[in-house]
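In what follows, every heavy atom counts, from backbone to side chain, and hydrogens, waters and symmetry copies are set aside. Chain identifiers are assigned alphabetically (A, B, ...) following the order of the sequence lines, protein sequences preceding nucleic acid strands; residue numbering begins at 1 within each chain.
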2 protein chains.
Amino acid sequence: MSSIKSKNSHVDRMSKIASLNEQEKFFLGALHCRKQYKKKSVIDQQGTISKSVYYLNKGILSMEYQHGSKVFVRDFIFRDSPALVYPSFYLEEPSRYSIKAVTDCDVWELTKENFEIGKRKIPNLEIIAFKITNLFHQNIEKRFESMITKSAEDRYLELVENHPKIIQSISLKMIASYLGITDVALSRIRSRLSKRVAKNY
Amino acid sequence: MSSIKSKNSHVDRMSKIASLNEQEKFFLGALHCRKQYKKKSVIDQQGTISKSVYYLNKGILSMEYQHGSKVFVRDFIFRDSPALVYPSFYLEEPSRYSIKAVTDCDVWELTKENFEIGKRKIPNLEIIAFKITNLFHQNIEKRFESMITKSAEDRYLELVENHPKIIQSISLKMIASYLGITDVALSRIRSRLSKRVAKNY
DNA sequence: TATAGTTCTTAACTTAGGTTAAGATAAAAG
DNA sequence: CTTTTATCTTAACCTAAGTTAAGAACTATA
């Protein structure tokens with residue numbers, strides 16, 4: 001029984017947003033299917049219509065957009081978080097960004113068709129979707145705010161504080177892209193910081 | 001009759017998003033009330049719960065956030081556009097930003113109570129709200145994208161191209177803040193651009 | 001195992017933009 | 001009408017970050 005629970009942690013998480021009864025939980029769990037993605041694989045392609053939402057069980061995902069020949073990291077998604085190409089998934093219009101696996105990933109996938117089936121059977125599912133949507137909006141709002149109010153160094157420190165393990169699993173180049181600077185600039189920031197720490201000893 | 005139509009252009013605009021019948025249009029129009037705001041007045045205060053949405057009939061609004069002692073312009077809202085403090089209005093949580101009148105403004109206000117009444121009588125109102133919400137998200141997504149992919153000069157040119165009249169009605173300082181740079185830097189960009197134009201003659 | 005491709009660091013140079021300050025208009029307030 | 005305040009420009013100086021390049025360390029693959 002406990003193994004089923006741990007297997008369906010995404011359902012429990014959703015139920016915390018807007019409570020579901022046991023039947024609904026079971027039904028929602030059955031609508032999801034588990035998928036594995038190898039590092040660097042593209043899960044959702046920019047410019048296409050997003051057909052699924054994901055719940056990240058293990059690993060790290062990235063949201064990226066291509067602009068000419070350059071690729072920019074719009075955000076990282078860490079474990080136990082939903083990955084949604086918004087608003088492409090809802091409006092069925094081409095998405096502004098891709099979703100890629102930064103590390104090997106393990107996700108729960110909910111297709112658009114299953115989402116529609118779920119909505120008919122589980123009234124609270126719409127509320128859950130709406131709240132997740134709002135979280136996404138708050139996320140980019142915060143990101144935009146820190147972009148114009150903080151220096152690259154402060155943004156880096158903020159990121160490392162929130163996700164200390166990031167340095168082990170994400171390349172410097174991708175972190176730099178996330179911060180809106182070049183890899184050279186981030187390397188400089190890192191050495192500047194370590195020198196500053198060394199001074200205090 | 002035509003005067004009524006022009007008076008209710010906001011209702012017609014909404015009906016274009018998800019069509020409403022004449023009865024619904026009339027009802028929706030009656031739920032709005034017209035308001036005038038003097039230049040520099042604060043319509044919605046950062047940190048409070050947003051109680052209304054607005055439709056801007058005339059003038060220019062700004063979305064701003066205060067960060068310590070500094071104020072940052074998050075966006076401008078031009079005529080014939082909705083102004084929504086999202087997600088504060090829906091979730092009834094403190095808002096991340098204020099809405100202010102950059103010039104004298106003329107708006108249609110729809111209070112939260114009237115919005116709830118409207119939802120019960122006009123099924124499509126929820127769809128309209130959802131689509132407007134999505135437009136808001138796309139807007140910040142674009143803004144974020146141009147922030148990390150373009151230079152301040154390109155962002156300035158982009159803004160002026162989309163809103164040529166902006167220079168007459170919005171102060172250099174506010175435009176600079178919108179672009180994420182100082183007023184001195186924008187003044188420099190302007191003189192650089194005018195010298196470049198002069199060279200071509 | 002050797003070779004080629006990444007990843008990261010460091011240095012040198014350049015440029016955009018921040019900071020401060022001073023002067024010129026223009027607008028608001030007395 | 002005068003004084004004060006806000007707006008804008010320009011200059012001087014400084015720093016953060018872009019660009020290019022070269023070398024080290026690690027990975028992947030033939």
Side-chain angles (χ1 to χ4, degrees), chain A residues 38-41 60 62 64 67-73 76 100-104 146-160 165-198, chain B residues 38-41 60 62 64 67-73 76 100-104 145-160 165-199:
Chain A
K38 282 265 156 234
K39 184 176 173 171
K40 289 187 184 174
S41 53
I60 302 172
S62 65
E64 304 182 6
H67 216 259
S69 63
K70 286 179 185 168
V71 174
F72 297 87
V73 175
F76 294 118
K100 295 181 186 170
V102 179
T103 64
D104 288 353
S146 89
M147 206 69 190
I148 60 168
T149 61
K150 290 181 178 174
S151 68
E153 186 177 310
D154 286 345
R155 270 176 280 146
Y156 176 68
L157 289 170
E158 182 184 43
L159 179 67
V160 173
K165 287 177 207 157
I166 206 172
I167 301 130
Q168 275 89 60
S169 38
I170 305 181
S171 72
L172 175 136
K173 208 177 179 179
M174 285 193 87
I175 297 173
S177 176
Y178 170 89
L179 298 171
I181 57 175
T182 61
D183 50 349
V184 180
L186 179 54
S187 190
R188 238 174 339 212
I189 286 171
R190 278 186 175 173
S191 74
R192 201 195 303 154
L193 287 171
S194 63
K195 275 170 197 161
R196 211 175 294 163
V197 169
Chain B
K38 283 265 156 232
K39 185 175 173 172
K40 288 184 183 175
S41 53
I60 301 172
S62 66
E64 304 182 5
H67 215 261
S69 62
K70 285 179 185 168
V71 173
F72 297 87
V73 174
F76 294 118
K100 296 181 187 172
V102 179
T103 64
D104 288 354
E145 198 174 325
S146 88
M147 206 70 191
I148 61 168
T149 62
K150 290 181 178 173
S151 67
E153 186 177 310
D154 287 345
R155 270 175 281 149
Y156 177 67
L157 289 170
E158 184 184 43
L159 179 68
V160 173
K165 288 178 207 156
I166 207 173
I167 301 130
Q168 276 89 59
S169 39
I170 304 180
S171 73
L172 175 136
K173 209 176 178 178
M174 284 194 87
I175 296 173
S177 175
Y178 170 89
L179 297 171
I181 58 175
T182 61
D183 50 349
V184 180
L186 179 53
S187 190
R188 239 176 337 216
I189 287 172
R190 278 185 175 172
S191 74
R192 201 194 303 154
L193 287 171
S194 62
K195 275 171 197 161
R196 213 175 294 165
V197 170
K199 262 195 175 174

Could you check which of D:dA11, D:dA17, D:dT20 has an atom nearest any side-chain atom of B:V184? D:dA11
Between atom CZ in A:R190 and atom C1' in D:dA17, what is the gap in whole Å? 17 Å
Checking contacts here: which listed nucleotide (C:dG17, D:dA17, C:dT7) is nearest the side-chain heavy atoms of A:A185? D:dA17
Provide, to the nearest angstrom, the distance between the CG atom belonging to A:L193 and the P atom belonging to C:dT9. 12 Å
Please report, rounded to the nearest Å, how far the P atom of C:dA16 is from the CE atom of B:M147. 17 Å
Find the distance between CD (B:E153) and CG (B:L186) and round it off to the nearest 0.5 Å. 10.5 Å
The residue, B:K39 or B:R188, whose nearest nucleotide of DNA chain C is more 5′ is B:R188
Separation of atom CG in A:D183 from atom C1' in D:dG23, rounded to whole Å: 15 Å
From A:I166 atom CD1 to A:S171 atom OG, the distance as rounded to the nearest 0.5 Å: 10.0 Å
Would you say B:S187 places a side-chain N or O within less than 4.0 Å of OP1 or OP2 belonging to D:dC8? no
B:I181 CD1 to D:dA17 C1', in whole Å, measures 16 Å
Select base, sugar-phosphate, or nothing to describe what A:S171 touches, counting heavy atoms under 4.0 Å on all strands. sugar-phosphate
Nearest 0.5 angstrom please: B:I148 CD1 to A:K70 NZ, how far? 11.5 Å
Respond yes when some side-chain nitrogen or oxygen of B:S191 is under 4.0 Å from OP1 or OP2 of D:dT9, and no when none is. no
I want to check something: taking the side chain as every heavy atom from C-beta on, are A:I181 and A:R188 in contact at a cut-off of under 4.5 Å? no
Between A:K70 and B:I167, which has a closest nucleotide on DNA chain D that is more 5'? B:I167
Atom CG of A:L186 to atom P of D:dT19: distance rounded to whole Å? 15 Å
Rounded to whole Å, CG of A:L157 lies from P of D:dA16 at a distance of 14 Å
May I ask you to decide if the ring planes of B:F72 and B:H67 are parallel, tilted or perpendicular, using 30° and 60° as cut-offs? perpendicular
Could you give the CD1-to-P distance, from B:I148 to D:dG18, as a whole number of Å? 12 Å
